[in-house]
There are 2 protein chains.
Amino acid sequence: MQEPDKLTVLTNPKLTEAKTAIEKALLQKRTIIVAGNCHVHYSGRARSTLELGERLLIIKEDGALLVHRPVGYEPVNWQPAGSVFHVQTKENKLEVHGVRQKPRESVLVTFNQIYMVSALSLNDSGDFLLHATEDDMHRAILMKPELFEEGFKPISWEKKVEPGFVDIYGEDKDGKLVIIEVKRKTATKEAALQLAKYIEPIKAKINRELRGVLVAPSLGKDVQRILATMGLEFKELDPKKCAEVLKKTKNAKLETFFGEDSQ
Amino acid sequence: MQEPDKLTVLTNPKLTEAKTAIEKALLQKRTIIVAGNCHVHYSGRARSTLELGERLLIIKEDGALLVHRPVGYEPVNWQPAGSVFHVQTKENKLEVHGVRQKPRESVLVTFNQIYMVSALSLNDSGDFLLHATEDDMHRAILMKPELFEEGFKPISWEKKVEPGFVDIYGEDKDGKLVIIEVKRKTATKEAALQLAKYIEPIKAKINRELRGVLVAPSLGKDVQRILATMGLEFKELDPKKCAEVLKKTKNAKLETFFGEDSQ
DNA sequence: ATATGCATGTCGCAC
DNA sequence: GTGCGACGTGCATAT
């Protein structure tokens with residue numbers, strides 16, 4: 001079931017042994033994990049130094065590099081995919097050097113002690129799906145406009161209108177034009193200003209009543225007031241609810257496909 | 001030199017063995033690495049599903065969780081520090097469930113096979129220093145104002161002025177007020193608008209000539225034109241150069257401390 | 001190649 | 001807690 005070399009682990013190796021194992025794993029494009037005592041220097045878009053301490057170094061098969069401290073979600077140092085690596089021992093230390101071009105930047109990890117080197121051949125082709133994004137909210141409104149408002153008829157979306165793109169625009173039940181700006185979380189004053197920026201030039205261009213509506217799960221502190229002074233509206237809508245709607249719509253479609261009634 | 005339990009590694013353990021090892025390591029607040037075949041579900045601010053595949057699961061001593069695919073810099077799923085974990089075996093699968101409150105969100109990693117479980121006690125107190133940030137640029141200009149302009153006298157920085165904070169303000173050699181907005185990389189039109197937003201209210205309030213200057217290593221495409229129409233200026237300045245200046249200044253101080261001339 | 005905007009952004013700091 | 005901006009942001013997309 002499992003190739004003999006799917007996994008290689010060295011515990012408390014000598015630095016030279018670690019060097020050999022890492023170089024071999026790099027050639028084989030395996031996922032490498034090194035645990036040890038190291039310091040780190042980065043130079044490129046900025047510069048950084050990380051003093052001696054015990055961390056994890058991870059190098060992936062596509063040349064991504066991560067240095068993780070024992071706390072925190074984010075890597076303390078890293079290198080994006082596509083980096084090229086060089087390993088060498090030097091004065092009783094092991095140096096792992098990762099370089100990428102465009103932008104030119106490099107990370108140097110210097111170990112004085114290594115607790116573990118692990119090399120894995122990982123096979124991963126599973127799909128990743130993310131729901132309840134802003135884009136899901138757009139699609140949900142387009143597929144089920146009454147989510148926004150009874151009688152709303154979408155006309156277009158992601159429409160270029162100087163000075164940017166309008167999320168959705170359409171007509172309400174009274175035939176008024178509606179410009180919608182969608183946010184997937186609490187809308188800030190920035191969002192209100194963004195909407196206003198889109199509205200004004202259009203108002204100036206067309207001679208017709210125009211509603212600007214901010215759609216979001218909630219509003220920031222002073223945003224309601226700002227909207228009011230600008231004659232804009234707010235409509236509450238939750239990204240989760242939109243995701244639900246999309247799911248149901250998808251189910252409905254599938255049912256139709258299989259010859260069943262869709263509600 | 002090294003405690004006997006600094007490092008524990010299990011290779012190709014049974015799921016029940018893995019469960020025991022992970023639970024023990026969680027109690028000991030060690031850094032845990034699990035390599036295996038799994039699928040992942042996330043629910044919280046959004047929702048996601050990741051189909052079956054071989055990945056790394058990392059749980060840190062502060063309750064941060066990372067799921068890494070064999071490619072890419074970013075984790076495919078994660079949970080910030082402070083999450084609480086629950087491990088159980090179920091129908092020949094091992095479930096690792098991480099939950100955090102505020103916002104309420106959870107990640108469920110379900111393994112059907114495990115290649116390695118590793119638990120480490122990492123000791124890391126080394127300082128991390130990042131140079132050539134925007135803040136370094138502020139400090140460099142404050143310490144050596146001629147970096148910005150000959151005769152410039154800084155008055156204040158990070159000054160609250162409705163509707164936000166001005167990076168630096170001061171007086172030029174002719175006694176004109178100068179408002180400086182600093183960017184560490186190519187300045188976009190957003191930066192220009194940000195500067196304008198600060199300038200306008202101040203102009204309205206004081207009765208005095210006022211210069212608005214965008215300081216950055218370079219300008220985006222139409223930004224020069226935008227600055228011109230708004231009567232704003234651009235001054236080229238590189239964050240690396242600022243970092244250099246700070247370094248020299250620091251050295252100069254040290255030299256003084258040691259009784260030597262500082263140029 | 002550059003520009004624009006989203007992200008389960010994260011993180012830090014001020015109010 | 002909320003707001004605001006920086007980040008070695010990364011990332012996808014459209015031009």
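Just so it is clear, the model here is predicted, and its values are computed rather than measured. In what follows, every chain begins at residue 1, and chains take the letters A, B, ... in the order their sequences are listed.
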Hey, does the side chain of [X] come within less than 4.0 Å of [N]'s phosphate (OP1/OP2), counting only N and O?
| X | N | result |
| --- | --- | --- |
| Arg45(B) | dT10(C) | yes |
| Trp78(A) | dT9(D) | no |
| Lys189(B) | dT4(C) | yes |

> Taking atom CZ of Arg47(B) as the centre, does the number of heavy atoms from other residues, nucleotides or ligands within less than 6.0 Å exceed 12?
Replying inline: no

Once you round it to whole Å, what is the distance between [atom2] of [N] and [atom1] of [X]?
| X | N | atom1 | atom2 | result |
| --- | --- | --- | --- | --- |
| Tyr73(B) | dA7(C) | OH | C1' | 13 Å |
| Lys102(A) | dA1(C) | NZ | C1' | 8 Å |
| Leu65(A) | dG8(D) | CG | P | 16 Å |
| Glu190(B) | dC4(D) | CD | P | 15 Å |
| Asp222(B) | dT15(D) | CG | P | 16 Å |
| Gln101(A) | dA1(C) | CD | P | 14 Å |
| Asp167(B) | dA6(D) | CG | P | 7 Å |
| Gln194(B) | dC4(D) | CD | C1' | 10 Å |

For [X], which contact category applies under a 4.0 Å heavy-atom criterion: base, sugar-phosphate, or nothing?
| X | value |
| --- | --- |
| Thr133(A) | sugar-phosphate |
| Lys240(B) | nothing |
| Glu134(A) | sugar-phosphate |
| Gly72(A) | nothing |
| Pro80(A) | base |
| Tyr42(B) | base |

Should the pair [X]-[Y] be classified as a salt bridge under the 4.0 Å nitrogen-to-oxygen rule?
| X | Y | result |
| --- | --- | --- |
| Arg45(B) | Glu105(B) | yes |
| Glu74(B) | Lys60(A) | no |
| Arg211(B) | Glu233(B) | yes |

> Where the side chain of Glu74(B) is defined as all heavy atoms beyond and including C-beta, which of dC6(C), dG8(D), dG10(D) is the nearest nucleotide?
Replying inline: dG10(D)

> Considering only side-chain heavy atoms of Lys221(B), which listed nucleotide, dG8(D), dC11(C), dA3(C), is closest?
Replying inline: dA3(C)

> Partner of dG8(D) by Watson-Crick or G-U wobble geometry, both contacts under 3.5 Å, or none?
Replying inline: none

>> Using modelled atom types and a 3.5 Å cut-off, is there a donor and acceptor pairing between side-chain atoms of Asp136(B) and backbone atoms of Ala243(B)?
In response: no

>> Between Glu51(B) (side chain only) and Asp127(A) (backbone N and O only), is there a donor and an acceptor less than 3.5 Å apart?
In response: yes

>> Say we look at dT8(C) and dT4(C): how far apart would their P atoms be, to the nearest angstrom?
In response: 23 Å

>> Between dC4(D) and dG8(D), how many Å separate the two P atoms, rounded to a whole number?
In response: 23 Å

> Ignoring hydrogens and angles, does a donor from either the side chain of Glu105(A) or the base of dG8(D) sit under 3.5 Å from an acceptor on the other?
Replying inline: yes

>> With a 3.5 Å cut-off and heavy atoms only, can you find an N or O donor on one side and an acceptor on the other between the side chain of Gln79(A) and the base of dG8(D)?
In response: yes

>> For Val107(A) and Gly220(A), find the nucleotide of DNA chain D closest to each by heavy atoms; which residue's nucleotide sits nearer the 5' end?
In response: Gly220(A)

> With nearest nucleotides of DNA chain C determined for Thr186(B) and Lys185(A) from heavy-atom distances, which residue corresponds to the more 5′ nucleotide?
Replying inline: Thr186(B)

